[in-house]
Amino acid sequence: MDRIKTWVGHLRNDRRAALGLILLIALLVGAVGAPILSPHSPNDFFDGVRETPGTEGHPLGTDSVGRDLVTRLLYGARVSLLVGLGATILAAFVGFAVGAIAGYWGGWVDRGLMVVVEVFLSFPAILLAVALVAFMGPGLSSVVLALGAVGWTDFARLVRGEVLALKEREFVAAARAAGAGDLRLIVRHLLPHLAGPMVVMGSFALASAVLSEAALSFLGLGVSPPTPSWGSMLADGRGLMRVSPHLTWIPGLAITLAVLGFNLLGDGLRDFLDPRTRY
Amino acid sequence: MTSFALRRGLMALPVLIGVSLLVFVMARVIPGDPVLIATGLERAHPEELARAAQRLGLDRPLPVQYADYLGRLVRGDLGVSLRHQRPVVDLILDRLPATLELAGVAFVLSLGLGVPLGVISAVRRGGPYDYLAVLVSVGGMSVPAFWLGLLLILIFSLNLGWFPASARGGPLAEAAWAIFSGGGIRPLLRSLSHLVLPSIALAAPAVGLIARMTRSGMLDVLGEDYILGARSRGLPERSVIYRHALKNALIPVVTVSGLFLGRLFGGAVILETVFAWPGIGRLAVLAVGRRDYAVIGGAALMVAFGFVLVNAAVDLMYAALDPRIRYG
């Protein structure tokens, strides 16, 4: 609790992190409060006419088939957040397990696992995600699995490095002398030390998962239509760029602000947890 | 040096095998029915499917299938595209130059913009330039490249009409050669005009990353004793920054250049779709829509192989340039 208070105090001096937090709160409010904030359903059609922004009842206009853009943006935030969180939690979990095992046991276990990490890093992330979704078939769970599968390596390398350094420390020897087993040592004694750096990395991982989800749905590999997703909204507006440029501007802006929010928050958290890197 | 090269080569081998195993697992283990996928048959008689499975060797145990797959891989056989009815290797090699060209131009662009931005930011630390540079770099990392691509098309192609919105304007190298072989400058201009928008969109995220790395590298180096030494000997500030500091600050940037090229390849997957650029990314994305699985797997495999080999080559170059690495 005290740490959180200190952090809030820190935010006053770190305007960029504060901006990031504001963006993310807006994202969360939009996603959770979508049914309250908008009187429409994301899949309601209005006259089949494409409206420009500023029309009564449709502040940002309607899309190519006449669905309210604000409503679809709000519901699209749900997809972004859901996929981002799901993929990041999966990646953090797998990455932690692999990294802790590699760093803790070392030797051939470490070498073997690091080869696996390198194998995954050999693919451009988005290409691997595209291939995985292609073979698994599109859909929410495929996207989460695919993005988790490309994201875990960063966590694994981070955790391995930290564990390699931590396991030589005295408190580890003390815990072991007190009779702690390997699993208990890793989870009870090493994990708390890793929480900070993992939260920082989690924030950046969320940024890149939201970005990748948008890219996958833009390519038609995301959640199935008609579920609104910012990426597929961009793809939808693409054919109408000349007549309705707002269909290109607005969803892209939403993606950018969400990703920016996570990036700024990650920067802020890192500066807070490791003041040496502070600007 | 020879022993280092040998060791480095041996290190790449398990990774290459791992890459092939991962692609194999993706193609044969994950999907519902590999026979349907390999044959492209949607609704077929069970007997027909069984025959196809036997013909393709898909009825044998997985380890045997993998050994078989590896054997064909070594001979450069990645299978045949269902859609194009051509070997996947040929399809990929046809499109590789276009992707390399786009990624290469974006690479040059991102270094050319990112390094100066990072230097200014570090030298004017805390000033308005620094703030602007940090803003540009965080912004560049947060803007989706494909959206930036769409906006560039919207503004510079549809509205202003300055650059073409799609397709490749002929190979850049050939166009450049035309100047010397009497073809004039037009082919080069044409080729470049098609490259402008996609390469800017592709480079933007990398500019941000490179600017950040250069900035923190410069800040580290500027605090070193030899910089103080250089200043105390009365060297002009320009010389201190560019001759003494920048060279060392760039080491981490150069070290990850192979990684950057890999990222640019990934970005190209999407941007090629936006700009209808006839490269590997577009090939792979189109193959997804057409359920042409041999092409998807083949493209992923070839790109990953290329990445592993380029990284090994980069390491060898370093070892040749910097003896500390060989013995480190």
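Letters go in sequence order (proteins before strands), and every chain restarts at 1. Computed from heavy atoms alone, side chains included, the values below leave out hydrogens, waters and symmetry copies. Just so it is clear, the structure is predicted and the values come from calculations on it, not from any experiment.
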Next item on the list: Could you look at B:I153 and say if it's the side chain, the backbone, both or neither that has a heavy atom under 4.5 Å from chain A?
Entry: side chain
Next item on the list: Please determine, by modelled atom types, if B:R215 and B:S121 share a side-chain donor-acceptor pair under 3.5 angstrom.
Entry: yes
Margin query: So for A:A215, is it side chain, backbone, both, or neither that comes closer than 4.5 Å to the heavy atoms of chain B?
Written below: both
Note to self: Looking only at heavy atoms and a cut-off of under 4.5 Å, which of B:V274, B:N159, B:L148 has the most pairs with chain A?
What the structure shows: B:V274
Margin query: Which atoms of B:A300 are under 4.5 Å from chain A, going by heavy atoms: the side chain, the backbone, both sets, or neither?
Written below: both
Check: Given that the side chain runs from C-beta out, which part of B:V285 has a heavy atom under 4.5 Å from chain A: side chain, backbone, both or neither?
Finding: side chain
Check: Is the gap between the ring centers of A:F120 and A:W152 under 6.0 Å?
Finding: yes
Check: If only atom types and distance count, is the side chain of B:T214 paired as donor or acceptor with the main-chain N or O of B:G118 below 3.5 Å?
Finding: no
Item checked: Residue A:L260 versus chain B: region with a heavy atom under 4.5 Å -> both
Checklist line | Approximate separation, where rounding is to 0.5 Å, of B:R282 CZ and B:L271 CG | finding: 13.0 Å
Check: Does any heavy atom of chain B fall under 4.5 Å from the side chain of A:L121, the backbone, both, or neither of them?
Finding: backbone
Check: With respect to chain A, which residue among B:V143, B:V308, B:L150 yields the maximal number of heavy-atom pairs within a distance under 4.5 Å?
Finding: B:L150
Check: Checking B:R95 side chain against B:L91 main chain: does a donor-acceptor pair fall under 3.5 Å?
Finding: yes
Next item on the list: For residues A:R238 and A:F218, determine if any side-chain heavy atom of one lies less than 4.5 Å from a side-chain heavy atom of the other.
Entry: yes
Check: Looking at A:T256, A:V133, A:V259, which makes the most heavy-atom pairs under 4.5 Å with chain B?
Finding: A:T256
Margin query: Only pairs of heavy atoms separated by less than 4.5 Å count here; which of B:V19, B:I296, B:V303, B:V269 has the most with chain A?
Written below: B:V19
Note to self: Checking side-chain polar atoms at under 3.5 Å, does A:S229 have a donor or acceptor matched by the opposite partner on A:Y75?
What the structure shows: no
Note to self: Check for me whether the distance between the ring centres of B:Y293 and A:F135 falls short of 6.0 Å.
What the structure shows: yes
Notebook entry, point to check: Parallel, tilted or perpendicular for B:F156 and B:W162, by the 30°/60° rule?
Noted result: tilted
Next item on the list: Identify which part of A:A214 has an atom lying under 4.5 Å from any heavy atom of chain B, answering side chain, backbone, both or neither.
Entry: both
Next item on the list: Mind ranking A:S122, A:G112, A:A235, A:G261 by heavy-atom pairs under 4.5 Å with chain B and telling me who comes out on top?
Entry: A:S122
Check: Does A:R72 come within less than 4.0 Å of A:D236, counting only side-chain N to carboxylate O?
Finding: no
Margin query: Counting only non-hydrogen atoms closer than 4.5 Å, does B:I155 touch chain A with its backbone (N, CA, C, O), its side chain (CB onward), both, or neither?
Written below: side chain
Check: Which atoms of B:V15 come close to chain A, meaning under 4.5 Å heavy atom to heavy atom: side chain ones, backbone ones, both, or neither?
Finding: both
Check: A:T227 side chain to A:V223 main-chain N or O, any donor-acceptor pair under 3.5 Å?
Finding: no
Check: What part of B:L158 is in contact with chain A, defined as an atom under 4.5 angstrom from a non-hydrogen atom: side chain, backbone, both or neither?
Finding: both
Checklist line | Contact winner vs chain A - B:V23, B:L301, B:I270, heavy-atom pairs under 4.5 Å | finding: B:I270
Next item on the list: Select one option (side chain, backbone, both, neither) describing which atoms of B:A287 are under 4.5 Å from chain A's heavy atoms.
Entry: neither
